[in-house]
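Below: one structure, written as structure tokens.
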Amino acid sequence: MKKLLVASLLCTASLAQAHDLWVTAPATLSPSETLKADLSYSHDFPYPDEIPADRLHIFEPLHITSPDGTKKDLVQQGKNYQYVSESQLAKGSYVITANYRPTFWSEFADDKWAQGDLTKNPTAVACQQAQMFGKSIVVVDGGENLEAIRRPIGQELEIVPLANPNSAKMGKLFPVRVLFQGKPLADEIVTATADTIALMDEEATHDHREPQIFSGKTDKEGKVNIIPLVEGFWKVKVKHKTPFANQKQCHENSLSATLAMQIGTKRVDISKPHAHD
């Protein structure tokens with residue numbers, strides 16, 4: 001009975017993952033350009049939202065990892081989700097990453113949510129500790145560096161591209177590996193959508209029923225082949241849940257990770273106003 005109760009609570013708690021986190025950045029950059037990237041946090045892909053003031057503390061600044069493995073923060077400039085590089089980048093392949101710090105969320109009987117664990121919210125019916133991670137690859141001046149692209153960054157849950165996302169083609173397999181705590185994550189579902197697909201059913205996206213155009217399960221080495229069948233800005237996603245160690249404090253750990261990649265030339269213009277609930 002106790003196991004059934006916990007399972008029921010975990011199922012309910014998963015509803016807290018209404019938002020996704022992804023990185024919006026150019027796939028390629030000339031050496032004369034300054035990198036501009038968005039820490040995109042929204043339930044309305046591909047449109048980023050202004051991050052609410054009471055959630056700003058949850059997010060680390062966008063990070064950039066150079067081809068030699070050096071990591072530094074990008075500079076926040078403009079809206080609170082917009083970042084830029086301090087200077088032009090040298091030729092090579094760079095990894096842009098976003099991190100949502102471990103954060104407790106509790107759900108109440110009226111379906112409302114509040115930050116904090118069960119010790120802070122004793123009347124809550126469910127609790128999860130959420131973490132989110134995003135990643136995008138930027139190639140500057142044609143400097144493809146597969147070693148840098150394939151190198152794990154060290155996120156708790158991470159999608160590692162095994163080829164250059166800029167080289168991904170419609171109808172061709174694109175391999176990725178999923179890591180959890182640095183080790184291959186087997187038998188986990190990886191899904192993907194594209195902005196060009198989400199735009200076709202905006203009502204579903206607004207209603208937390210985002211259309212998906214790919215689903216596959218990782219093998220024993222954590223690998224899965226993404227099959228891009230349409231052009232667009234793609235968001236590849238994996239979710240992983242584990243029971244929280246102290247069930248009196250919270251019920252589950254809920255992690256998600258995304259890899260943003262661009263297929264072909266078709267894109268949704270996110271600068272235009274759009275309906276948003």
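Count residues from 1 along the sequence. The figures here come from the full heavy-atom set of this structure, side chains too, leaving out hydrogens, waters and symmetry mates.
With hydrogens and angles left out, the side-chain atoms of D117 and T119 include a donor and acceptor closer than 3.5 Å. For the 3.5 Å distance criterion, the side chains of H63 and D73 qualify, holding a donor opposite an acceptor.
T258 contributes a side-chain N or O that, together with a main-chain N or O of L21, makes up a donor-acceptor pair within less than 3.5 Å. The closest donor-acceptor contact from the side chain of R151 to the backbone of P67 lies under 3.5 Å. Remark: the backbone N or O of D68 is not paired with any side-chain donor or acceptor of S66 at under 3.5 angstrom. Judged by distance alone, with hydrogens and angles left aside, the side-chain atoms of H251 form a donor-acceptor pair with the main-chain N or O of C127 at under 3.5 Å. Judged purely by atom type and a 3.5 angstrom limit, S42 has no side-chain atom pairing as donor or acceptor with the backbone of D49. N145 places a side-chain N or O within donor-acceptor distance of the main-chain N or O of A148, the cut-off being under 3.5 Å.
Of the candidates R177, Q181, K135, K135 is the only one forming a side-chain hydrogen bond (donor to acceptor under 3.5 Å, both in side chains) with E158. Exactly one residue among Q88, E86, Q77 makes a side-chain hydrogen bond (donor to acceptor under 3.5 Å, both in side chains) with T34. That residue is Q88.
In the hydrophobic clustering, F233 connects to W22, F45, either directly or through intervening members, whenever side-chain heavy atoms lie under 4.5 Å apart.
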*Step by step, would you call N99 with Q155 a side-chain contact (heavy atoms from CB on, under 4.5 Å)?*
CA-CA 8 Å; N99 295 323; Q155 295 172 317; 3.1 Å; yes
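Atom CG of D201 and atom CD of E210 lie 10.5 Å apart (nearest 0.5 Å). Rounding to the nearest 0.5 Å places CD1 of I226 at 8.5 Å from OG1 of T191.
Residue pairs meeting the ring-ring contact (aromatic ring centres under 6.0 Å, His included) criterion with at least one member in residues 150-198, sequence neighbours excluded, are F180-H240.
Residues R267 and Q262 are in side-chain contact: their nearest non-hydrogen atoms beyond the backbone lie under 4.5 Å apart.
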